[in-house]
Amino acid sequence: MDSAFRQQFLGLELTLARRFATVEARPWGYFVHEVGNPGHWDANTARWLRAEEPEAAIEDVVALYRARGLVPRVRVDDLSAPGDVVERLVARGFQKDAQEMRLMYWGLGASRPLPVLFSGVTLEVAGPETLASLAEIQAGADGWAGLDWRVRYLERLVRGSASHYYLARVDGVPAAVAALHEGEGCALVQEVATSPRYRRRGLATALITWIQRRAMVPLFLQVSNPEAERIYARAGFRVWGELEQVTCVLPGP
């Protein structure tokens with residue numbers, strides 16, 4: 001993966017984090033926190049923990065989060081934090097969860113026609129009145145506990161001008177969602193989710209295609225699910241690279 005793409009992708013992720021959390025630059029990376037939404041991991045996870053002076057960086061992370069009554073969390077990947085950072089976090093008592101991700105890219109090209117929709121399927125731009133529905137769809141699709149933190153997260157983004165949510169309904173019932181987060185010269189596709197009872201009706205494909213038809217810049221996304229990767233590949237996305245992403249959490253007081 002070339003360095004220009006690496007910096008563009010990491011910068012896009014950081015731009016998004018600033019929309020739903022406070023992001024503070026530190027000598028070792030970025031301290032991301034949102035005391036008002038402690039249940040949202042992405043809003044309370046340190047980023048870009050660099051290998052220089054790792055012991056001091058780890059102790060600073062722990063102190064910063066605990067001073068705010070938050071669980072210390074660090075996201076490490078092989079793009080931004082080479083070295084033995086993960087091993088040092090584990091030695092400090094952090095528990096790790098590793099996930100292999102594939103980064104995919106779609107460049108602007110010929111306009112894609114919308115796929116033929118099943119009877120009763122409609123697409124719309126999601127507004128603030130749909131927050132509860134968006135949260136319920138996401139919770140039903142990914143299995144992560146909690147609706148309150150999702151609603152607080154979505155409140156920050158749906159009302160903004162640089163993040164756009166799209167909703168698919170089946171016979172008027174909210175059934176699938178996808179989000180587009182704009183950055184500088186590119187955008188990130190995220191939060192593509194379909195309620196289990198409405199899967200295999202082409203809803204995700206329809207939403208992705210709708211986003212592509214509206215896109216003015218190249219699109220990025222990251223995926224760990226082979227079935228989802230096939231959906232994106234059929235929509236014209238291509239694998240640009242792979243990375244291992246590790247989330248480290250320090251339990252206890």
Side-chain angles (χ1 to χ4, degrees), residues 12 16 20 40 42 99 101-147 149-151 153-160 162-182 186-240:
L12 186 55
L16 174 58
F20 58 76
H40 185 201
D42 270 359
Q99 190 174 35
M101 309 290 295
R102 304 195 86 182
L103 307 181
M104 303 188 76
Y105 170 86
W106 178 79
L108 294 175
S111 178
R112 291 176 52 81
L114 272 176
V116 176
L117 302 178
F118 281 75
S119 176
V121 174
T122 58
L123 307 178
E124 65 187 67
V125 177
E129 72 283 355
T130 66
L131 288 175
S133 296
L134 299 180
E136 289 175 3
I137 293 169
Q138 291 178 353
D142 62 34
W144 297 347
L147 285 178
W149 68 263
R150 295 176 191 271
V151 172
Y153 161 75
L154 290 166
E155 283 176 342
R156 298 280 294 270
L157 295 180
V158 171
R159 291 184 169 88
S163 291
H164 313 280
Y165 283 78
Y166 304 97
L167 180 66
R169 296 179 185 266
V170 177
D171 296 326
V173 179
V177 62
L180 178 69
H181 303 292
E182 297 177 359
C186 58
L188 183 66
V189 177
Q190 274 194 336
E191 301 164 79
V192 181
T194 303
S195 296
R197 63 180 292 196
Y198 294 114
R199 288 176 180 166
R200 303 198 180 281
R201 301 193 187 196
L203 301 182
T205 298
L207 287 169
I208 293 297
T209 304
W210 208 33
I211 286 174
Q212 290 171 308
R213 286 166 60 88
R214 291 166 169 256
M216 303 297 291
V217 294
L219 306 178
F220 294 112
L221 58 82
Q222 51 187 340
V223 61
S224 59
N225 182 312
E227 183 177 352
E229 183 180 333
R230 286 192 289 271
I231 291 173
Y232 299 133
R234 287 196 298 269
F237 282 83
R238 296 291 176 261
V239 174
W240 198 280

Once you round to the nearest 0.5 Å, how far does OG1 of Thr205 lie from CZ of Arg230? 12.0 Å

What heavy-atom pair brings Val189 and Leu180 nearest, and what distance separates the two atoms? CG2-CD1, 4.1 Å

How many angstroms lie between CD in Gln190 and OH in Tyr165, if you round to the nearest 0.5 Å? 7.5 Å

Here the gap from Met101 atom CE to Asn225 atom CG, rounded to the nearest 0.5 Å, amounts to 10.5 Å

Relative to each other, are the rings of Trp149 and His40 parallel, tilted or perpendicular (30° and 60° limits)? parallel

Which word best sums up how the rings of Phe220 and Tyr105 line up, parallel for under 30°, tilted for 30 to 60°, or perpendicular for over 60°? tilted

Please report the interatomic distance CZ(Arg200) to CD(Glu227), rounded to the nearest 0.5 Å. 4.5 Å

d(Leu188 CG, Leu12 CG) to nearest 0.5 Å is 4.5 Å

Looking at Trp210, does the NZ or CZ of Arg214 lie under 6.0 angstrom from its six-membered ring centre and within 45 degrees of the ring axis? yes

How many angstroms lie between atom CE of Met104 and atom CD of Gln222, to the nearest 0.5 angstrom? 12.0 Å

N/O donor-acceptor pairs under 3.5 Å from side chains in residues 120-131, not counting sequence neighbours:
| unit_1 | atom_1 | unit_2 | atom_2 | d |
| --- | --- | --- | --- | --- |
| Glu124 | OE1 | Arg169 | NE | 2.7 |
| Glu124 | OE2 | Arg169 | NH2 | 3.4 |
| Thr130 | OG1 | Gly127 | O | 2.7 |

Pairwise side-chain contact, Glu191 with Leu134, heavy-atom cut-off 4.5 Å (strictly under): no

Indicate yes or no: at least one non-hydrogen side-chain atom of Arg102 is less than 4.5 angstrom from one of Phe237. no

Looking only at heavy atoms, which two atoms of Ile211 and Ala178 are closest? And how far apart? CD1-CB, 3.9 Å

Looking at Ile208 and Ala235, what are the two nearest heavy atoms and their distance? CG2-CB, 3.9 Å

Side-chain heavy-atom pair Val192, Ile231 within 4.5 angstrom cut-off: no

What is the minimum heavy-atom distance between Val170 and Arg201, and which atoms define it? CG1-NH1, 3.4 Å

Side chain to side chain contact (heavy atoms under 4.5 Å, CB included) assessment of Ile137 paired with Leu167: CA-CA 10 Å; Ile137 293 169; Leu167 180 66; 3.7 Å; yes

Closest approach of Val151 to Ala135 (non-hydrogen atoms, all atoms of both residues): CG2-CB, 3.9 Å

For the side chain to side chain donor-acceptor pair (under 3.5 Å) test, which of Glu182, Arg156, His181 pairs with Ser163? His181

So which heavy atom on Pro174 is nearest to which on Tyr198, and how close? O-CE1, 4.3 Å

